[in-house]
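Residue numbers start from 1 in every chain, and the chains themselves are labelled A, B, ... in the order their sequence lines are given, proteins ahead of strands. Here the structure is a predicted model, which means the values were calculated and not measured.
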Amino acid sequence: MTAPTAAPREIPPTPTSDQEARHPGSASIIRAIVAKDTVAFRRNRFLMLITFLVIIVWGVLYQFLPTTVDETFSVGLVIEQGALPSELDISPEALESSDGTGVTVTLYADSTALEAAVDAGDEVQAGLVIPQGFAQEVATGQTPTVTMIVPAGLPAQFEALLSAAVAELGYALSDTPAPVDLATSTTIVGTDRVGDQLSLADQMRPLLLIVVLMMEIFALATLVAGEIAERTAVAVLATPASARDLIAAKMLFGTTLAFGEAVLVGILIGAFGTSPGLILIALLLGAIVVTGLGLLAGSFGRDFMDTLILGILLMIPLMIPAMAALFPGAGPDWVKFMPTYGVVDVLVGASAGTLSWAQAAIPLLALAAWGLVLGALGALTLNRRVARL
Amino acid sequence: MTQPAIDVTDLTFAYGEKMAVDGVSFSLAPGETLGLLGPNGAGKSTTIKMIIGQLRPKSGSISILGRTMPDDRDRIQAQMGVCFEEKNLYAAMSAAENLKFFGRLFGLKSIDVDGLLERVGLLDRRDDRVSSFSKGMRQRLMMARALVNTPDVLVLDEPTDGLDPVSAIAVRDLVRTEAARGAAVLLTTHDMHEADDLSDRVAFINAGRILVINTPESLKIQHGSRAVTLRRRAGTKVDEQIMSLADPETPGLVAAALGDPDLLTMHTREATLEDVFVEYAGRGLAG
């Protein structure tokens, strides 16, 4: 019969030395968790799909975006028989600007041909029909009617430009000076981009990079939510790994993933041509912001669908600054207070080469502050969630 | 004198107003297996969570291997192996990858993955992802994971819950081997047969309190009746005779019965742990 209290077997004394009870060190633990998360990420088909889709689709899409801007305004002209004096040189070369930029002129035989050309939109953007007897009527003080042919949607300023050109022609023919003759000088606010307009590809670059960063909210949130739902975090915390190690590893993994992917896409779309240092810093701080948001979404999500919905709900408002950047001046003022505004602001300015380090300081500081706040919030939320497991 | 591997004194914990653990005390020597036995909600898992550092006690003290939990949590956990009730393994990783990862968390540069997997009968599934494992295979891998750091203290929360008999036997063999190696094993279960089979001592816990701690044999003898039941064929019926071991005539009658061709079975009438628990708690273990 066994004794009421167990007699311990002959065993070695309880190990208590520091050597035997050694803690492996946070750096080693964090490295192990990051390596494990990398494996988990690689084996998650959904995450791999969205990651490669973003990289490939964005890379391919960018190749098809126009990389040049046509700054010339092409005008079609019908000069009816006897509309202008015969001695007047009405060749396109004579009518176009001397430096070959600004306006191109194409002559058409009649208004029907001109209308067809304007409608097609390939050769000319708008047209004028100078009627028969135009010069004579002007000279005798009458008011001839010049027909302007414009496509739907032509900006109003171009119509005004054509009207002014016709008026100028009238003054010249009637030998009457224009009502006002002013010498003008122009002050350009910001960089003068005449002849160097940003192409659609240039304008889209910041948006593409922001989307890449945003997508990583899903990746991190999915991994964090999985760790909580499967309660593997509990198993990790039963080892010498602390909650602080776990959270630090998640933040490191999330930031590295988002930053790495954004840099990769940035290289594919040639985003580092101008101010690469500024762009890299903006992407790094942006990656910290989305990591904080990923931790938040992952901590609140109970399952994959929860995490997906939370991720989308976070992504939509954060995309607003990037959308607003496509239409300068269109965004409301509150957009400036969005966490992603700093990334967009710096990326747009740095991509256009119009932003100095001094000018970038304030948006970068704001971005860093958002990164700090959201990173801390995400870490605290995850810490609370893990403690309640 | 060997110091206890686990020494718990007057431990309490409450979930809101509800006391989950109310003044629990016990100690466990190195190489000893203590079965914490009680129904669901008795306070077993909460006690375990405090011992492994997952919950901070409201009051009381926990000393493990001479160190205080949770103050010296990291160092204690370096020498502790835990097998959870839930199968919290990384399903997208293989069996070997799971073990290697946890080995790295313990700061071990290399571990004998194949040896561990062989001990739990999973060597042939070494590189298969855990997502393809059955419940029994996952549980065996959980046991292997708990042994990654060759722990001095092994905490097993319902280690054979829901396992098929073959897997359950494999897990119990491992527990015996680890205890024989010198590890202190704290085992929670509501399976009285498992507790009886594995434990040097059992502690009955109910409503957050320990009702009794003793060896299974002592409890069964103390609370059972010292008697023998003989069952004999009697024509087309079976005749049952109960004889008290306190009766001086019983040994002679038992010896005579052994030569009786009509004797069908002979049983002692010791109590089961379930009987003992009911006697202490006024309720069964299943509830």
Below 4.5 Å from any heavy atom of chain A, which atoms of [X] appear? Answer side chain, backbone, both or neither.
X: B:Phe102; answer: side chain
X: B:Ser131; answer: neither
X: B:Leu89; answer: backbone

Just give me the residue among B:Lys100, B:Lys87, B:Arg73 that pairs up with chain A most often, heavy atom to heavy atom, under 4.5 Å.
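Highest number of heavy-atom pairs under 4.5 Å: B:Arg73.
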Contact winner vs chain A - B:Arg129, B:Lys49, B:Met93, heavy-atom pairs under 4.5 Å
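Ranked by heavy-atom pairs under 4.5 Å with chain A, first place is B:Arg129.
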Under 3.5 Å, is there a donor-acceptor pair between the side chain of B:Gln54 and the main chain of A:Leu237?
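Checking the backbone N and O of A:Leu237 against the side chain of B:Gln54, no donor-acceptor pair under 3.5 Å is found.
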Can you give me the closest heavy-atom contact between B:Ala78 and A:Pro240, atom names plus distance?
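Taking every non-hydrogen atom into account, CA-CG, 3.7 Å.
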Considering heavy atoms only, which positions within residues 38-54 of chain A lie below 4.5 Å of chain B?
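Under the 4.5 Å heavy-atom cut-off, A:Val39, A:Arg43 qualify.
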Donor-acceptor contacts under 3.5 Å from residues 279-300 of chain A side chains, at least two apart:
from, atom 1, to, atom 2, distance (Å)
A:Thr291, OG1, A:Thr255, N, 3.0
A:Thr291, OG1, A:Thr255, OG1, 3.1
A:Thr291, OG1, A:Ala287, O, 2.7
A:Ser299, OG, A:Leu295, O, 2.6
A:Ser299, OG, A:Leu382, N, 3.4

Do B:Phe101 and A:Thr239 come close enough that some side-chain heavy atom pair is under 4.5 Å?
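They are not in contact (no side-chain heavy atoms under 4.5 Å apart), so the answer is no.
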A:Glu230, A:Lys36, A:Arg31: which one forms the most heavy-atom pairs within less than 4.5 Å of chain B?
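With the most close heavy-atom pairs to chain B, the winner is A:Lys36.
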Counting heavy-atom pairs under 4.5 Å to chain B, which of A:Gly226, A:Ala35, A:Gly25, A:Ala235 comes out on top?
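If we count pairs closer than 4.5 Å to chain B, A:Ala235 comes out on top.
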Pick one of side chain, backbone, both or neither for A:Val236, based on which atoms fall under 4.5 Å of a heavy atom in chain B.
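The answer is both parts of A:Val236.
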Quick check on A:Ile30 against chain B: is it the side chain, the backbone, both or neither that has a heavy atom closer than 4.5 Å?
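The answer is neither part of A:Ile30.
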What's the separation between atom OG1 in A:Thr232 and atom CZ in B:Phe84, rounded to the nearest 0.5 Å?
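CZ of B:Phe84 is found 10.5 Å from OG1 of A:Thr232.
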